Amino acid sequence: MTNSVVRARFAPSPTGYLHIGGARTALFNWIFARQQGGDFVLRIEDTDSERSRPELIDVIFRALEWLGLDWDGTPVHQSERAHLYADAISQLLAQGDAYWCQCTPDEVKARAEERGGTPGYDGFCATKNLGPGDGRVVRFKVPDEGATSFTDIIRGDVTFENAVLEDFVIQRSNGTPMFHLANAVDDAEQNITHVIRGEDLINVTPKVLLLRNALGITTPLTFAHLPLIVNEKRQKLSKRRDDVSVGDYIDRGYLSEAMVNYLSTLGWGPSDGIEIRPLAEIVQMFRLEDVNKAGAFFDVKKLQHFNGEYIRNLSVPQFVTRSTRWLFDDTPWPAPNFDIAKFEVLAPLVQERVKLLSEVPSYVDFVFLDDPVIDEDAWNKVMVKNADLARDILPYALSVFADCEWNAHSIEVALFAYAEQNDIAKGKVQAPVRVSVTGRSVGPPLFESLEVLGRTEVLRRLTAAVERMG
RNA sequence: GCCCCCAUCGUCCAGCGGCCUAGGACGCCGGCCUUUCACGCCGGUAACACGGGUUCAAAUCCCGUUGGGGGUGCCA
């Protein structure tokens, strides 16, 4: 173990926010590294200056931090190590394993179409012995014969015939290296031992292997290509068409523990069938070789269920703390109206009802709003369709609430006396009071809510509701 | 087109030749609990893609078919 320390890496390209697929890749790398007592390092693959957006690098780091995936050492930025790639390219050129090419993309494409059949580069400049020059790229000379194989921990042996691989570009015409090249160089330079990434990259593996071979890199590198996370149409998650930014899930009130736990069940599952469990246990049980081969659908419904479980497992103070953001920013009520003491009373009741922290405000807004927001559907059902009952109950509530003791239990006894006297279901009796006071037909238990709101305000809202009924 | 990969309930996972009349979870549908809504509890629904082999025995191994996905960039 000492001389074979595992080093796994997550190598995002800062062309977008961290998305679900990237988060899962990072997570599996992290789990594997931690389980093996190895390192988990980061590498920013920003060789394409055209597409890279430096400001996103920090966003990605923060998303990883939110997920709790701590990394070892300082992240490497490919844009800062151009010399390493330049050296490798010079070596390849000197060895005759690469050559300069002056074909434009359009020319390559045109010839391919003319040729019919397989698209791709035809080796047009392979024997021209061109030197550097404006608009010229460097291409790697793929052997015409033979095959490149590797053993994938998840997929077993995978083989590509070299003949189907074109002479691919390793240095752009602007002088920057392509990612295959940077990849081969960096994995060696960073002593990476395991490459764990999405299956969409499996086909670039032979290219990287060919490059490593030509560069004389002999240190072993083990691959594990993870199944893709897919949408309802079973297609690879796309930043454009799918809702996959990790940041968006944070904003919607998902707990990172729930997200990480859920992600761990995509492509893998503990053999005892217990899905919801601490990350530490997952690290213990996880086996890279047990990861599935087939793509997994990202099921938000199931994620929500996990989230609800995690929320309910929080202590009440933790729940209050975690809800902070939704209590102070962008609230439906005027900020000065908020009273944390009142929220804390209702917190345990809200906690077992929400699946997302973002739902918290809608459960307590009536307490901090000057007037409740009336839900029209609820009003129609309870105050219009059942107006007769409401007209009996509201005056009754107004009178008993005026002088009963003001605590949840007494309020309940006072109101439900009506249910017993008139032999009406309690559910029917509480409805008009709930709608009058909270504006909604659903919410936390009514009597605790009334207690928190206070007698004066409850009476005022009840009166207002009677007037509104006309 | 060509290359690569994949295939167990609607979805995620378990299953690694006999313990499988296939198990768990989400969802969905019933029911119980109940002041609403949730929670919790009980029950139900529902799958080994198809066809050939191998074997005493196959969801599990092999081959083919079909279906799906990924790639095919001077993106990663």
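These numbers come from a predicted model, not from an experiment. Letters go in sequence order (proteins before strands), and every chain restarts at 1.
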Trace of the salt bridge (charged side-chain N to carboxylate O under 4.0 Å, His left out) decision for A/K109 with A/D106: CA-CA 5 Å; A/K109 199 180 166 197; A/D106 284 347; over 6 Å; no
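Taking the six-membered ring where the residue is Trp, the centroids of A/Y262 and A/F298 are separated by under 6.0 Å. Checked against the 6.0 Å centroid criterion, the rings of A/H409 and A/F447 do not qualify as a close aromatic pair. Taking the six-membered ring for Trp, A/F28 and A/W268 have ring centres at least 6.0 Å apart.
In this model, the phosphate group of B/A76 is approached by a side-chain N or O of A/T47 to a distance below 4.0 Å at OP1 or OP2. Contact annotation: A/N174 does not reach the phosphate of B/C74 (side-chain N/O to OP1 or OP2, under 4.0 Å). Side-chain N/O atoms of A/R172 include one lying less than 4.0 angstrom from OP1 or OP2 on B/A76. Taking side-chain N and O atoms only, A/R312 has no distance below 4.0 Å to OP1 or OP2 of B/A38. OP1 or OP2 of B/A14 lies within a sub-4.0 Å distance of a side-chain N or O belonging to A/N292.
On the C1' atoms, B/U11 is 35 Å away from B/U55, given to the nearest whole Å. On the C1' atoms, B/C42 is 16 Å away from B/U34, given to the nearest whole Å. Rounded to a whole angstrom, the distance from the P atom of B/C19 to that of B/G64 is 29 Å. Rounded to a whole angstrom, the distance from the C1' atom of B/G31 to that of B/C12 is 27 Å. B/U54 and B/C61 are spaced 8 Å apart, taking the C1' atom of each and rounding to whole Å. Between the P atoms of B/A7 and B/C48, the separation comes to 16 Å (whole Å). B/C50 and B/U8 have their P atoms separated by 11 Å, given to the nearest Å. Spacing of C1' atoms, B/C41 relative to B/G52, comes out at 48 Å, to the nearest Å.
Picking from B/C12, B/C74, B/U35 the nucleotide with the shortest atom distance to the side chain of A/M178 gives B/C74. The side chain of A/R434 sits closest to B/U35 out of B/U35, B/C37, B/C74. The A/F297 side chain lies nearest to B/U11 when the options are B/C4, B/C6, B/U11. Distances from the side chain of A/S271 to the nucleotides B/C6, B/C74, B/G15 place B/G15 closest. When distances are taken from the side chain of A/E199 to each of B/C26, B/C16, B/C5, the shortest belongs to B/C5. Distances were taken from every side-chain heavy atom of A/L201 (C-beta onward) to each of B/U72, B/G70, B/A76; the shortest belongs to B/A76. Residue A/H305 has its side chain nearest to B/G27 when only B/G27, B/A76, B/C3 are considered. Taking every side-chain heavy atom of A/A294 into account, B/C6 is the closest of B/C26, B/C6, B/G1. Distance from the side chain of A/R234 is smallest to B/C12 among B/C12, B/U35, B/C75. Listed nucleotides: B/A76, B/U35, B/C74. Nearest to the side chain of A/F447: B/U35.
A donor-acceptor contact under 3.5 Å is not formed by the side chain of A/K293 with the base of B/C5. In the interface, the side chain of A/Q235 is not paired with the base of B/G68 through any donor and acceptor atom under 3.5 Å apart. Evaluation of atom-type donor-acceptor distances gives a pair under 3.5 Å for the side chain of A/R353 against the base of B/U36. At a cut-off of 3.5 angstrom, the base of B/C75 holds no donor-acceptor pair with the side chain of A/R51.
When rounded to the nearest whole Å, the span between CD of A/E107 and P of B/C74 equals 13 Å. The CD1-P distance, from A/I89 to B/C74, rounds to 15 Å in whole Å. Look at OH on A/Y121: it is 14 Å from P on B/G73, rounded to the nearest Å. Counting to the nearest Å, the C1' atom of B/C12 and the NZ atom of A/K302 are 4 Å from each other.
As judged by a 4.0 angstrom heavy-atom cut-off over every strand, A/V158 is placed among residues touching the sugar-phosphate backbone only. Nucleic acid contact class of A/L228 (heavy atoms, under 4.0 Å, all strands): sugar-phosphate only. Nucleic acid contact for A/V204: base, since at least one base atom lies under 4.0 Å from a heavy atom of the residue.
Nucleotide B/U36: unpaired (no Watson-Crick or G-U wobble partner with both distances less than 3.5 Å). Across all strands shown, the partner of B/G43 is B/C29, judged by Watson-Crick or G-U wobble contacts whose two distances both fall under 3.5 Å. Pairing for B/U65 is with B/A49, a Watson-Crick or G-U wobble pair whose two hydrogen-bonding atom distances lie under 3.5 Å. Taking a pair to require two hydrogen-bonding distances under 3.5 Å in either a Watson-Crick or a G-U wobble arrangement, B/G23 pairs with B/C13. Remark: B/C2 base-pairs with B/G71. Criterion, Watson-Crick or G-U wobble with two distances under 3.5 Å. B/G18 is paired with B/C56 under the criterion used here, namely a Watson-Crick or G-U wobble arrangement in which both key atom distances are under 3.5 Å.
Seen from the ring of A/F168, A/R139 does not count as a face-on cation partner, given the 6.0 Å and 45° thresholds. Both tests do not hold together for A/R252 against A/Y254: distance to the six-membered ring centre under 6.0 Å, angle to the ring axis within 45°.
Look at A/E359 and A/K355 and you find no salt bridge, because none of the NZ, NE, NH1 or NH2 atoms lies under 4.0 Å from a carboxylate O. With respect to the salt-bridge test (charged N to carboxylate O, under 4.0 angstrom), the residues A/R9 and A/D187 qualify. No salt bridge links A/E114 with A/R111; every basic N to acidic carboxylate O contact stays at or beyond 4.0 Å.
Both A/K301 and A/V354 lie near RNA chain B, and the one whose nearest nucleotide falls closer to the 5' end is A/K301. Between A/Q102 and A/A296, the residue anchored closer to the 5' end of RNA chain B is A/A296, taking for each the nucleotide with the nearest heavy atom.
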